[in-house]
Amino acid sequence: KVIVQRPEERANVALIRCGLLGTSPVYPEAAISLETLELYHRLRCHHPQLGIQPMVRALCDVYDVNYRKHLRTQLSAAFDVYLQILQIVDQRCAKVLGRDDPHWRLKNSCPCCHLQLQDEDVLHPARLLAMDGNNSAKRVASAGAQDRRTFKSNYFLSRDVVDRFKDEEAEEDAPWAPTDRDAKDEGGDATDGQAKPTPCADNWKASAAENLKRALDIYETTGIFVCVCRHGFIQIACEMVRSGELAKYPLALLDHILDVLGDHTGVGYDIGCTFKETVARSSLVGPKAAQRQVVFAVCAFHGYAHNRQCQLANHPLYLVGFGLEDLEGLERVFSSSNAVARLIRYASRYHWTQALDLHFRQWDDEKYSELSTFLYNNARQALTIIHDYSYDVKQLQSELGITGADIEGWATEERAFLEGLKDKPEERVLEVAYVQALIERAKADDRAINYNEDTRHTIAIEAERRAALEGLTLAMGIVGDLEKKLAIDTPWTPANPKYQEALAYLRRREFHRALDRVQQLVMQRLLELSKANMSGTSYKMRTSIWKALKTRGKAIRAALKKYNILALQMSPPAPALLWKDVVTYSFIGEFDLLRNAYSRRDILVSLWTMPRNREVAVKYFKILRAREELKRVDSEVCRLETSIELERREYELAIHDVAISDVNLASELRARLHSRRRVQTVHMAHISRVRTLPGYVGSTEMHPPNTERGREIWEAVLAQSAQGSSAASKDLDGLDEEPEEAGVDDVFEDPAVNEELIRLTEVMETMSLDR
């Protein structure tokens, strides 16, 4: 094919007119068709693991040519330029659509979270977000050093913005503050704002693998820290640089979200219980978070690994307004982004950002296409919970003569009991150590006396006798030292009441330690199970995890055996634990009650300590959250419906404005509108399904938008319709290359067609399940 180059025309311009893109800027010796680049673009979006090289090899096979290394370089260069062209087209479309605000994507990333409607019910929190870090997206420091380009992405905060918060953690003289100089330079982790470290913080720090607590020197970028909404849309992200999961990353993201999105935000984080204290102590974010009424929570799955006191205060099940949201959306995001990590480990910083930006865009597109399905499933789940659990709750209320307020009071009583537990006083610790030393001295004394009878037999026994005497001397020294500290004049004997009291306390401590061991092993097993089933986990890692699980199972059984032996020694005996009971998520919250019930016998008569009552109480709280979920889903359904109509009107106005002055841009806008309508048609069908669910009571009216831009578009279209703009509409339809689009708008207002779409959607879902 001959390419005709006009006078004074650049080579790449002539190639573009023919649907080709040169592989070099000035004198291209080869060109790649735009169709091929778009094909790779789509393949890369849907399958991030497809790199440049396998694509080039596949093309070589198609055209029956030998693979050469320079072909990979050519496709890579052309693909970079092609993505830049797409970015420019996006910018031009955004400008004519009025979307050129730097924060437009964040403000409008999720219509169900961010679109405000007139006369809608107020939600508290107004939106639910989750944030977390992931260390898969590493990048080697020496890779791509010659590539000085910067990829501009509105998904990522810059390093300079993030580093503003590196000095916002705990004071340097705090006992838990970082001692390493480099760690101090980078700031502490997300738990370092606590005045006193809690068990949740200790467990979170201990659960991090040793190789993640300190970044390896070979990596410059050690991962990403991301924030998503409850529907899975990416809100904002940043790269973690030569460090683990430091506090500056969530602080920077939270500060940006508060500046852009406003008040009443609910934030879920694995260690949200302690991170909120870090936020409160931050001079940059603390006052802002308090003023805008941010509510922190721990994610539902990770929350089960927190102690019971933390769960009652921070788990979504017990937080008003959180509905049935688990705040675990980032686990799904990272499971998907792990596929990108394989391509960017040795990429330049430009291509690292480019790959993740491309993946996040595709991820958001997929989340938008699934949005109405999400709402339908959540509404159905909430209605099912209310239907299934209401009978058990009403039956218990009838038996005990209590109300819902009484059940809610149980949680308050339990929380007050756990908060009232104080640390063991030093005197009690010394008394227990004294009794333990007396027991050890008695054992050493017995061994020494027995050995005196056998000194003549062998030299080995004589050596054992000397060791026993040394042990006895050491035990006597310990006993004497403790008697001095406790000011004991007469040594305690087993008949002494204080001896018996301290001995009982010692047995309880051993019982608690055995229980702690069981809890630790069960938590580790659950976390390893979640990692083993995560998409993207390598075969080697998966095999290692399953071996660890097998070993962990044996350890749990051994720990259970020891616990059950000690449980029989309690007065009265503590309940025995079985394997089938302890390996569930919900049982982890019972460890604290089991641990403390035998130090406070009076609480065992409380209604909230009885197993059946506790089980029904969980169902009661799930019913409360399910009702909140229905309220939130109803609001989000209305927002999605309005956003569909608003976007249609927005595109129509933009197409009308550029239809004459820029035919190419109008055609691009028309194509984008057609793609959105294809997805939105399914949304409208699912919205109809939501509103016809048995027991669902929600609004069926479309509410106008309550944003300034939304009102302008809404009123402009209404004014255009009032002035009789049918001629302009006909002109627009005449410019459309696909006239069948003209009837798409009427689909949303035709009940018969909507019913047909519902049936079609159900058939398609059934087919996908069968496959």
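Hydrogens, waters and symmetry mates play no part in the numbers below; they use all other heavy atoms, side chains included. Note that the numbering runs from 1 along the sequence shown for the chain.
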Less than 6.0 Å separating the ring centroids of [X] and [Y]?
X      : Y      : value
Tyr269 : Phe296 : no
Tyr368 : His231 : no
His256 : His103 : yes

Is it true that [X] and [Y] make a salt bridge, defined as a side-chain N closer than 4.0 Å to a carboxylate O?
X      : Y      : answer
Glu652 : Arg670 : no
Arg678 : Asp365 : no
Arg415 : Glu408 : no

Nearest-0.5 Å distance that lies between atom [atom1] in [X] and atom [atom2] in [Y]:
X      : Y      : atom1 : atom2 : value
Leu327 : Cys229 : CG    : SG    : 11.0 Å
Ile236 : Asp255 : CD1   : CG    : 11.5 Å
Cys112 : Glu636 : SG    : CD    : 5.0 Å
His46  : His41  : NE2   : NE2   : 9.0 Å

Take atom [atom1] of [X] as the centre, draw a 6.0 Å sphere, and report whether it contains more than 12 heavy atoms from other residues, nucleotides or ligands.
X      : atom1 : value
His124 : NE2   : yes
Arg99  : CZ    : yes
Lys367 : NZ    : yes

Between the side chains of [X] and [Y], is a donor N or O closer than 3.5 angstrom to an acceptor N or O?
X      : Y      : answer
Tyr620 : Asp392 : no
Glu629 : Gln381 : no
Ser109 : Gln235 : yes

message: If we check ring-ring contact (aromatic ring centres under 6.0 Å, His included) with Phe621, which of these qualifies: Trp410, Tyr318, Phe322?
response: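 Testing Phe621 for a ring-ring contact (aromatic ring centres under 6.0 Å, His included) against Trp410, Tyr318, Phe322 leaves exactly one candidate, Tyr318.
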field: Heavy-atom closest contact (Val393 atom, Ile407 atom, distance)
entry: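 Heavy atoms of Val393 and Ile407 come nearest at CG1-CD1, 4.4 Å.
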Val690 versus Ala379, closest heavy-atom pair with distance: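 What the structure gives for the nearest pair is CG1-CB, 4.3 Å.
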message: Would Arg105 and Tyr155 count as a cation-pi pair here, with the cationic atom under 6.0 angstrom from the ring centre and within 45° of the axis?
response: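 So Arg105 does make the cation-pi contact.
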Listed by chain and number, what are the salt bridge (charged side-chain N to carboxylate O under 4.0 Å, His left out) partners of [X], not counting sequence neighbours?
X      : value
Asp90  : Arg672
Glu120 : Arg639
Lys107 : Asp101

field: Check against salt bridge (Lys or Arg N to Asp or Glu O under 4.0 Å), Asp121 and Lys631
entry: CA-CA 8 Å; Asp121 293 335; Lys631 179 180 178 182; 5.5 Å; no
Is the side chain of [X] donor-acceptor paired with the backbone N or O of [Y] at a distance under 3.5 Å, no angle test?
X      : Y      : result
Asn314 : Cys310 : yes
Gln311 : His306 : yes
Thr642 : Pro705 : no

task: State which residues pass side-chain hydrogen bond (donor to acceptor under 3.5 Å, both in side chains) with Asp100; sequence neighbours excluded, sorted by chain then number.
output: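 Scan of Asp100 (side-chain hydrogen bond (donor to acceptor under 3.5 Å, both in side chains), adjacent residues dropped) gives none.
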Counterpart residues, side chain to side chain contact (heavy atoms under 4.5 Å, CB included), relative to Asp263 (two or more places apart):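 Asp263 satisfies side chain to side chain contact (heavy atoms under 4.5 Å, CB included) with Arg292 once adjacent residues are dropped.
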- prompt: Taking only residues two or more places apart in sequence or in another chain, which ones pass side chain to side chain contact (heavy atoms under 4.5 Å, CB included) with Ala626?
  reply: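 Per chain and number, Ala626 pairs via side chain to side chain contact (heavy atoms under 4.5 Å, CB included) with Leu324, Ala382, Ile385, Ile386.
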